[in-house]
Protein chains: 2
Amino acid sequence: MATIRDVAKLAGVSVATVSRVLNQNGYVNEDTEKRVKKAIEQLNYKPNEVARTLFKKTSKTIGLIVPDISNPFFPELVRAVEDVMNIYDYTVILCNSDEKSEKEKQYIGILKQKYVDGIILTTNQLESDEVLELGVPVVVLDRPSMHSFPSVIADNYGGARLATRHLYDIGCRKIAHIQGPTHVVNAMERFRGYRDEMQELGLWNEQLIIQGNYQLKQAKEATLRALQEHKMDGIFAGNDAMAVGALKAVQQLGLRVPEDVAIIGYDGIPLTEMTTPELSTISQPIYEMGAIAARILVKKIEAKPLEQLHYVLPVKLVERQSTQRRGTR
Amino acid sequence: MATIRDVAKLAGVSVATVSRVLNQNGYVNEDTEKRVKKAIEQLNYKPNEVARTLFKKTSKTIGLIVPDISNPFFPELVRAVEDVMNIYDYTVILCNSDEKSEKEKQYIGILKQKYVDGIILTTNQLESDEVLELGVPVVVLDRPSMHSFPSVIADNYGGARLATRHLYDIGCRKIAHIQGPTHVVNAMERFRGYRDEMQELGLWNEQLIIQGNYQLKQAKEATLRALQEHKMDGIFAGNDAMAVGALKAVQQLGLRVPEDVAIIGYDGIPLTEMTTPELSTISQPIYEMGAIAARILVKKIEAKPLEQLHYVLPVKLVERQSTQRRGTR
DNA sequence: TTGAAAGCGCTAACAT
DNA sequence: ATGTTAGCGCTTTCAA
């Protein structure tokens with residue numbers, strides 16, 4: 001690999017001059033510039049990013065910490081971040097935290113040692129934010145930001161109301177909610193939305209709450225039990241995986257979806273189109289969330305002003321077969 | 001951030017000594033070692049990885065190039081790579097190539113400028129391997145390796161025969177195959193397996209080949225057409241997404257799965273458990289593929305000998321409802 | 001056993 | 001407009 005010295009020698013100039021043409025800073029004679037460029041070409045010279053980083057303390061690299069890339073919510077988010085970062089010539093280090101604040105801390109340490117220019121943090125947990133008091137630009141994604149970090153989330157509360165209301169609109173009156181883990185803020189926001197809407201509709205009934213943990217299997221079993229104990233004609237699941245679980249439970253009991261029980265999920269991940277019947281869901285603008293977070297981070301890195309600190313993106317009701325309007329009731 | 005000089009000063013020794021205790025190389029007096037360690041602790045000193053990289057030309061970072069992380073086959077693979085690399089203290093830069101050899105080339109260039117210690121390349125395309133003649137350890141994942149790069153793939157040919165045979169075993173005689181893109185080597189291997197098995201069974205018939213492109217939608221439409229033109233009682237899809245497409249097509253025509261048409265997919269991604277009926281599939285050891293590739297790469301980086309250059313991992317038939325044995329025929 | 005010094009490849013003052 | 005030099009933070013000879 002050629003170095004800047006090689007180029008300088010070949011072009012018959014000093015390294016400073018080569019550096020000047022590389023970084024387009026300072027004055028340099030047209031002729032010399034041409035010579036230098038030719039030498040660069042000839043040697044196929046590419047500046048050593050590491051040396052650059054050491055000097056400039058900026059690595060054109062960011063860290064992206066997600067709980068688990070194999071959770072189907074995240075691939076699209078990660079893709080969006082990567083796409084946008086790529087445009088700005090940043091490279092993305094991917095870290096899976098498994099929601100463990102210890103792993104998160106460890107990664108943050110490593111990322112700093114590598115001089116990453118910024119970090120995007122995606123986590124359902126809170127806590128451990130002390131770790132972040134440490135001088136790297138941070139954007140918080142898919143969870144409310146505690147401190148003054150910029151954040152990007154979707155409207156969980158509103159989405160939950162939307163889902164609940166939709167079930168009501170198609171005729172459901174006994175609407176159950178499969179709740180996500182209670183320590184997950186987003187899940188609690190969705191619960192709040194469900195509760196408020198139900199209360200407003202005068203349908204609120206604690207018996208209709210099903211405890212879930214975001215997993216298909218557990219949701220299926222919990223739903224199976226719930227269906228045998230209580231009557232219900234609609235289920236709003238706190239995420240799509242649990243909606244599939246509910247679907248399987250309902251079908252297993254020989255009930256029809258949507259005729260006997262309508263089901264709606266939350267997130268809008270691709271698998272909702274793969275089930276039979278296809279699942280209605282509240283779709284979050286996943287790609288956009290990632291893209292915005294990335295753009296904000298770039299702005300922070302470049303010390304440009306942000307138009308907005310906290311983004312709450314709107315969600316959308318996606319009506320599919322699992323909540324197909326039934327006649328009158 | 002404290003530097004090694006700060007530590008040296010505080011401990012009253014030279015930087016060389018500090019470096020010695022950090023890297024456990026060379027001799028150092030027990031007492032001094034203690035003093036140095038204490039100073040490190042007090043200042044919470046973490047060596048600057050960038051400076052280290054510049055000197056040692058090794059970054060404890062690898063590049064992972066995948067076509068598209070949002071394709072459901074890859075998250076688990078990526079997760080596996082990250083998990084293993086994490087154990088060996090490597091960090092992973094994620095790159096999405098979209099199968100474009102141009103993007104691939106560009107990324108490889110960037111990765112080298114960052115002194116990555118190695119690259120894992122996951123791609124269905126061939127070509128552009130010239131790019132790799134360039135001195136970074138490379139492991140090729142999920143595609144056959146052209147050159148002398150180590151590679152990790154699953155047994156596509158065998159898996160396809162297995163799938164075909166399974167359909168035969170449950171009584172199917174008109175077994176169609178939805179083929180993946182013809183430029184994708186793995187898809188062609190699966191096709192070969194299907195063809196050979198069918199020929200051996202004396203059931204081969206070109207009419208039963210359905211052209212797919214790995215996408216659900218296109219597969220659904222192609223299957224819809226095929227079902228109207230030819231009789232068939234079994235479908236072997238070249239991947240799981242297309243199997244879902246086939247499932248939807250069959251159901252849309254009012255036929256029953258598996259009674260009228262049995263369906264089996266390929267890959268074993270999680271969504272196969274989410275459909276109704278659940279899809280049989282040939283499951284690839286996705287996590288293991290990623291993990292092995294990562295371990296091989298580490299060995300190459302550390303210049304240790306590989307036990308094996310090309311890994312072809314076995315696949316497994318997963319029987320679910322979509323190929324539930326029907327009585328006799 | 002320890003320290004001094006050179007240098008990894010680059011950039012940015014400061015001179016000229 | 002260009003060159004000289006110091007230094008980013010670390011590691012490794014080489015000397016002591």
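Only a predicted model underlies this, so the values are computations on that prediction, with no experimental measurement involved. Values below: every heavy atom of this structure, side chains too, minus hydrogens, waters and symmetry copies. Here is how names work: the chains are called A, B, and so on, in the same order as the sequence lines, proteins then strands, and each is numbered from 1.
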Side-chain N or O of A:S19 closer than 4.0 Å to phosphate OP1/OP2 of C:dT11: yes
Distance in angstrom units between A:R20 CZ and C:dG9 P, rounded: 21 Å
Electrostatic pair A:E302:A:K304 at N-O distance under 4.0 angstrom: yes
Phosphate OP1/OP2 of C:dT11 contacted by A:N23 side-chain N/O (<4.0 Å): yes
Phosphate-side-chain proximity, A:N25 and C:dT11, N/O vs OP1/OP2 below 4.0 Å: no
N-O pairing of B:E41 and B:K37 below 4.0 Å: no
Protein-nucleotide distance (B:K60, atom NZ; D:dC10, atom C1'), rounded to Å: 16 Å
Side-chain N or O of A:R52 closer than 4.0 Å to phosphate OP1/OP2 of C:dT11: yes
5'-most by nearest nucleotide on DNA chain C - B:A51 or B:T32: B:T32
Any B:K57 side-chain N or O less than 4.0 Å from OP1/OP2 of C:dG9: yes
Under 4.0 angstrom between B:Y45 side-chain N/O and D:dC10 OP1 or OP2: yes
5′-ward residue of the pair B:L54/B:N29 relative to DNA chain C: B:N29
Under 4.0 angstrom between B:T17 side-chain N/O and C:dG3 OP1 or OP2: yes
